[in-house]
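This report refers to the structure that appears directly beneath it.
Order of listing sets the numbers, starting from 1, for every ligand and every atom in it.
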Amino acid sequence: MEVIIKRDAQEVSLEAAAIFRRQLQEKPDSVLGLATGSTPVALYRRLVAMTQEGDLDLSHATTFNLDEYVGLPGSHPHGYAAFMRQNLFDHVKVARWWIPDGMTNDIPQHCAAYEQAITDAGGIDLQLLGLGSDGHIGFNEPGSSLGSRTRLKTLTMQTVAANAQYFASPAEVPRHVMTMGVGTILEARRCLVLAFGEGKAKAVAAMVEGPVTAMAPASALQMHAVCTLIVDEAAASLLQRKEYYRWIYENKPAWQRA
Ligand code: PGA
């Protein structure tokens with residue numbers, strides 16, 4: 001796993017945006033896996049700005065979001081479809097975007113169809129991920145099978161509390177979600193994980209330097225051949241080999257840089 005430590009969230013987002021630009025230059029019709037939450041907001045803002053400046057073209061890309069709350073219609077202001085429209089798709093044209101339908105009346109069938117749509121699109125080229133403070137990726141909470149596929153999950157109380165900021169009260173946060181599985185995520189050709197702030201430091205350390213365990217689903221990314229983690233100083237604070245990661249980055253050959 002490549003670990004890049006940047007000064008702050010803004011610098012993390014700039015580096016991530018450069019990786020997106022390079023991906024789309026190399027393959028304009030890339031299939032992108034996208035994430036929601038507070039983590040990718042600055043990156044999306046940057047992608048919108050780059051598009052407006054003519055520096056990025058997403059118009060041939062297909063996107064698949066990681067997850068969606070069960071029971072929220074696509075129009076719900078706190079659903080992830082609304083989040084994606086507000087942060088990206090209202091400003092930038094993509095060829096096609098997919099997000100699980102929180103109102104489906106057949107969750108297993110809908111999840112299987114979502115997996116099939118990813119396969120039919122050729123698989124995900126670049127998967128963007130945030131990291132939960134409990135070590136989740138997508139909504140794969142601790143205990144999730146490391147081979148799991150898109151399915152129904154019940155959120156932990158910690159995640160419900162963390163996401164309550166987007167709702168009027170914690171009682172309004174849905175308990176259930178549909179999420180790509182850890183196994184689905186591991187099949188992406190490249191993974192890009194972003195994390196900011198002290199609140200993520202433990203989860204970052206477990207992901208990079210802990211054992212591979214379902215108790216920290218992000219640790220499964222240690223098994224991924226092409227995974228980049230970009231963190232700010234606060235999120236990196238508990239990493240033991242910080243200086244080595246910096247050394248690698250400083251000595252990176254020019255052809256490898258985004
Ligand atoms: P956050 O959530 O970006 O809102 O911190 C990350 C996640 O839960 O995946």
Considering non-hydrogen atoms of the protein only, which is the closest contact for atom 5 (O) of ligand 1, and what is the distance?
Lys200 NZ, 2.6 Å
Indicate yes or no: does Arg189 engage Asp125 in a salt bridge with an N to O separation below 4.0 Å.
yes
Within the 4.0 Å heavy-atom shell around His136, which atoms of ligand 1 are there?
7 (C), 8 (O), 9 (O)
The atoms of ligand 1 lying under 4.0 Å from a heavy atom of Gly37, numbered in the order shown, are 3 (O), 4 (O)
Thr104 side chain to Asp101 backbone, donor-acceptor under 3.5 Å
no
Please indicate whether any nitrogen or oxygen in Ser38 is less than 3.5 Å from any nitrogen or oxygen in ligand 1.
yes
Any donor-acceptor N or O pair under 3.5 Å, side chains Gln158, Ser133:
yes
Please table the atom pairs, donor to acceptor, closer than 3.5 Å between any side-chain atom in residues 111-120 and protein atoms at least two apart or in another chain.
| residue | atom | partner | partner atom | Å |
| --- | --- | --- | --- | --- |
| Tyr114 | OH | Asn65 | N | 3.1 |
| Tyr114 | OH | Asn65 | O | 2.7 |
| Tyr114 | OH | Trp98 | O | 3.3 |
| Glu115 | OE1 | Arg149 | NE | 3.2 |
| Glu115 | OE1 | Arg149 | NH2 | 2.8 |
| Glu115 | OE2 | Thr150 | N | 2.8 |
| Glu115 | OE2 | Thr150 | OG1 | 2.7 |
| Glu115 | OE2 | Thr184 | OG1 | 2.7 |
| Gln116 | NE2 | Asp120 | OD1 | 2.9 |
| Thr119 | OG1 | Glu115 | O | 3.1 |

For ligand 1, which atoms, with element, lie under 4.0 Å from some heavy atom of Gly130?
9 (O)
When distances are taken from atom 3 (O) of ligand 1, the protein heavy atom at minimum range is Thr39 OG1, 2.4 Å
Does Thr159 approach ligand 1 within less than 4.0 angstrom via side chain, backbone, both or neither, non-hydrogen atoms only?
neither
Got a salt bridge between Glu2 and Arg257, using NZ or NE/NH1/NH2 to carboxylate O under 4.0 Å?
no
Is there a side-chain contact between Thr213 and Ser219 (heavy atoms, below 4.5 Å)?
yes
Please state which protein non-hydrogen atom is closest to atom 6 (C) of ligand 1 and give its distance, to 0.1 Å?
Leu131 O, 3.6 Å
